[in-house]
Amino acid sequence: MRLSSLPIATQKEAPADAEVISHQLMLRAGMIRKLAAGIYSWLPLGLRVVRKIETIVREEMDRTGALELLLPSVQPGALWHQSGRWDLYGPELLRFTDRHKRDFCYGPTHEEVITDIARRELRSYKQLPVTFYQVQTKFRDEIRPRFGVMRSREFIMKDAYSFHIDEPSLDQTYQVMYDAYTRIFERTGLRFRAVEADSGAIGGAVSHEFHVLADSGEDAIAFADDGDYAANVELAPAAPPAQVQTGSGAAMEKVATPGAESIAAVSESLGLAPRQCVKTLFVCAADEGPPVALVLRGDHELNAVKTVKLPGVAEPLRMAGPKQVQSATGAAPGSVGPVGLSGPVYVDHAAAALADFACGANEDGFHLVNVNWERDLPRPQSVDIRNVLAGEPAPDGHGTLSIARGIEVGHIFKLGTKYSAALGATVLDDSGASIAMPMGCYGIGVTRIAAAAIEQNHDSAGIIWPQAIAPYQIMIIPLNQAKSDAVREKSEQLYARLADNGYEVMLDDRDVRPGVKFADCELLGIPVRVVIGDRGIKNGTLEVRGRRDSDNENIAPDELDNYLERKLAG
RNA sequence: CGGGGCAUAGCGCAGCCUGGUAGCGCGUCUGCUUUGGGAGCAGAAGGUCGGGGGUUCGAAUCCCUCUGCCCCGACCA
């Protein structure tokens with residue numbers, strides 16, 4: 001590709017509303033343009049990256065024997081009524097009606113459609129197991145699209161669905177997909193981690209997420225450095241403390257703590273470590289009853305996914321309003337505690353293991369100190385409702401947990417028979433019995449991977465593409481080509497030769513100053529750049545540099561192929 | 001959806017408070033010079049100041065309203 005024929009200009013400044021680095025760089029590099037909130041056009045360079053990712057995904061899916069198909073993006077509401085999700089999915093489902101006033105939606109996912117295919121086509125256990133996949137544009141009407149293409153409303157996703165005669169077969173395919181996903185992300189050249197995950201709204205029991213590791217990731221993942229354990233923090237169980245504290249015998253006492261309404265302020269005002277304080281949060285009850293109290297150690301964070309599974313807690317999880325807290329405790333949220341509460345109370349294991357702790361007195365401006373379970377208030381049932389922290393032992397007993405940020409780019413589920421039962425997707429087994437097929441569901445966010453790759457791989461000059469998904473592999477930069485025939489000829493020759501040899505190569509034949517070419521080459525993140533100048537021609541050398549290198553290398557022209565092979569390896 | 005904010009040239013912004021000529025940087029176009037890290041000089045194009053309504057002799061500026069967008073929270077590949 002000749003840069004002189006690419007009409008998309010790079011930009012020095014990113015639009016003010018681009019918040020994360022991948023969004024800024026994708027805009028500046030001319031990969032994408034915004035059409036509406038959460039809806040983006042893919043320009044030539046961006047599309048090439050998307051296609052590279054899709055190709056890797058397709059090759060690895062095909063290798064497992066999965067069959068590609070293409071399902072409609074527009075789906076009839078009737079199908080969603082059958083699965084029950086028309087009412088359950090919520091406003092994220094983009095709904096509309098056609099001219100006959102029939103309900104339709106733009107597919108956010110394709111369980112219904114694929115299950116409809118399955119119930120029509122699959123009759124016998126002899127056809128199983130089978131896995132179908134597609135690469136399709138999806139639409140989810142996110143409440144708040146942001147971060148460019150990373151959390152857009154319209155996006156490209158690879159989704160696969162497997163059908164089985166029994167659970168062991170599902171287990172087997174699940175593992176095959178797990179391995180395929182591992183190969184896919186290895187091939188992209190990104191640092192990633194597979195973790196155990198909550199299966200959320202899609203349903204089902206077992207699931208794993210694949211995360212691209214990046215500090216800007218929206219998810220926290222916990223993993224053992226020196227073991228195999230890895231899970232989304234949402235899911236990772238926090239073990240009860242090994243030891244329970246014993247009290248000093250000091251009597252419970254009410255202390256004035258004017259203005260201290262946060263753990264930090266209370267701990268400061270009382271001269272107690274946050275871990276010796278207790279915080280009490282109130283969430284809405286499932287049955288419109290009094291709010292549910294949740295008691296946590298001061299230095300711990302509430303885990304919403306764990307909490308919402310507790311009996312009596314409203315789903316989705318909602319914090320109780322100040323008025324509800326006031327009527328449940330007689331105090332404002334900053335001064336509440338578990339002592340003397342009449343409503344439902346859950347206490348985290350760690351908080352339950354404390355003795356002589358501090359908590360709100362349920363009287364504005366006062367806290368209690370030297371509080372002890374059993375003596376000062378009944379010892380309630382203790383549960384796991386907090387996020388694990390780095391440094392804690394892994395739940396499987398092997399190693400110590402670290403916490404890292406991740407961007408979720410893949411998610412695999414065992415769905416079970418949720419959809420096949422609802423939609424009547426059954427086959428006959430070898431005894432002639434009708435069986436609702438257990439299903440698996442496996443997604444990869446194709447467009448999100450492009451953004452995640454940038455979040456993980458960039459520097460102050462721009463993008464640093466892993467070579468496997470770079471839009472082009474090599475940039476040839478001729479210097480002073482307007483004046484130097486030698487430079488022009490050498491560049492053209494090299495461009496033709498590398499292209500003939502199967503490389504994806506760009507030639508910056510624009511009549512601009514060298515600094516502009518260097519800067520654009522770095523912004524675009526092309527893995528290898530080759531500079532052609534009179535200096536090198538005179539010395540009989542080629543100047544090469546990898547995008548991550550800090551210095552140029554001068555090599556003999558006939559070493560170039562070796563150099564490229566090495567630089568662009570796997 | 002709740003809370004906060006923004007909307008002026010392709011991009012980044014000033015002007016608004018205190019009403020009267022629409023401006024700066026980058027980018028774009030022309031010419032000359034320059035050519036190893038986002039060049040210099042000279043010139044030029046480009047705006048219904050988000051839409052509608054109102055107040056006023058006069059509105060980018062004040063008021064009302066609509067729309068779009070962004071940020072903070074609960075959801076997801």
Side-chain angles (χ1 to χ4, degrees), chain A residues 7-19 23-24 27-28 30 33-34 36-39 53 57 89-93 108-109 135-147 149-160 181 197-202 207 209-212 218-219 232 234 283-284 304-305 308 314-319 321 407-413 441-452 461-462 477-484 487 510-523 529 531-536 543 545 552:
Chain A
I8 312 297
T10 58
Q11 293 165 350
K12 279 187 206 170
E13 288 173 292
D17 54 18
E19 203 193 350
H23 190 196
Q24 294 171 5
L27 289 167
R28 287 185 51 205
R33 290 290 181 255
K34 181 166 81 176
I39 302 179
I53 296 165
V57 169
Y89 211 90
E92 214 172 280
L93 183 64
T109 177
V135 178
Q136 184 41 298
T137 296
K138 315 258 185 195
F139 193 94
R140 294 183 189 171
D141 201 355
E142 295 272 347
I143 299 165
R144 185 149 89 88
R146 61 187 141 164
F147 304 149
V149 119
M150 208 142 69
R151 178 179 291 276
S152 52
R153 294 194 291 174
E154 183 177 296
F155 57 99
I156 298 173
M157 180 173 163
K158 186 283 301 179
D159 50 326
Y181 272 43
D198 184 61
S199 49
I202 295 183
S207 90
E209 290 168 349
F210 289 75
H211 285 263
V212 167
E218 290 189 85
D219 286 289
N232 195 307
E234 289 179 342
V283 296
C284 296
V305 169
V308 83
E315 183 172 7
L317 191 70
R318 286 191 315 277
M319 299 304 288
I407 300 166
E408 185 187 353
V409 290
H411 201 156
I412 59 178
F413 301 86
C441 155
Y442 320 91
I444 286 184
V446 171
T447 41
R448 182 181 279 185
I449 289 175
I477 297 184
L479 296 180
N480 194 24
Q481 57 167 9
K483 294 251 176 75
S484 169
V487 165
R510 296 174 299 172
D511 188 16
V512 294
R513 298 171 64 86
V516 177
K517 297 186 180 186
F518 293 142
D520 278 345
C521 182
E522 282 154 11
L523 175 61
R529 106 184 170 197
V531 177
I532 311 285
D534 284 314
R535 202 159 71 194
E543 177 184 310
R545 192 208 282 218
N552 297 330

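Every chain is numbered from 1 and lettered A, B, ... according to where its sequence line falls, protein lines coming before strand lines.
- Note: CG (A:Asp141) to C1' (B:C1) measures 12 Å, nearest angstrom.
- B:A22 makes up no base pair with any nucleotide shown, lacking Watson-Crick or G-U wobble contacts both under 3.5 Å.
- The nearest heavy atom of RNA chain B to A:Phe155 and to A:Phe518 marks one nucleotide each, and the one closer to the 5' end goes with A:Phe518.
- Remark: B:A9 base-pairs with no nucleotide in the shown strands. Criterion, Watson-Crick or G-U wobble with two distances under 3.5 Å.
- Residues that satisfy the salt bridge (charged side-chain N to carboxylate O under 4.0 Å, His left out) test with A:Arg151, not counting sequence neighbours, are A:Glu142, A:Glu218.
- Out of B:C72, B:A77, B:G12, the shortest distance to the side chain of A:Met157 is found at B:A77.
- The nucleotide whose nearest atom lies closest to any side-chain atom of A:Arg151 is, among B:C75, B:C13, B:G37, B:C75.
- When both distances must be under 3.5 Å, the Watson-Crick or G-U wobble mate of B:G38 does not exist.
- Residues satisfying the salt bridge (charged side-chain N to carboxylate O under 4.0 Å, His left out) test with A:Glu154, not counting sequence neighbours, are none.
- Among the protein residues, A:Asp520 comes within range of the nucleic acid bases, having at least one heavy atom under 4.0 Å from a base atom.
- Of the candidates B:A77, B:C72, B:U35, the closest approach to any side-chain atom of A:Arg448 belongs to B:A77.
- One finds no side-chain N or O of A:Arg513 lying less than 4.0 angstrom from the OP1 or OP2 phosphate oxygen of B:G37.
- Relative to the side chain of A:Ser152, the nucleotides B:A77, B:U35, B:C76 differ in distance, and B:A77 lies closest.
- Between A:Lys12 and B:G27 there is a side-chain N or O to OP1 or OP2 distance below 4.0 Å.
- For A:Val531, taking side-chain heavy atoms from C-beta onward, the closest of the listed nucleotides B:A77, B:C11, B:G36 is B:G36.
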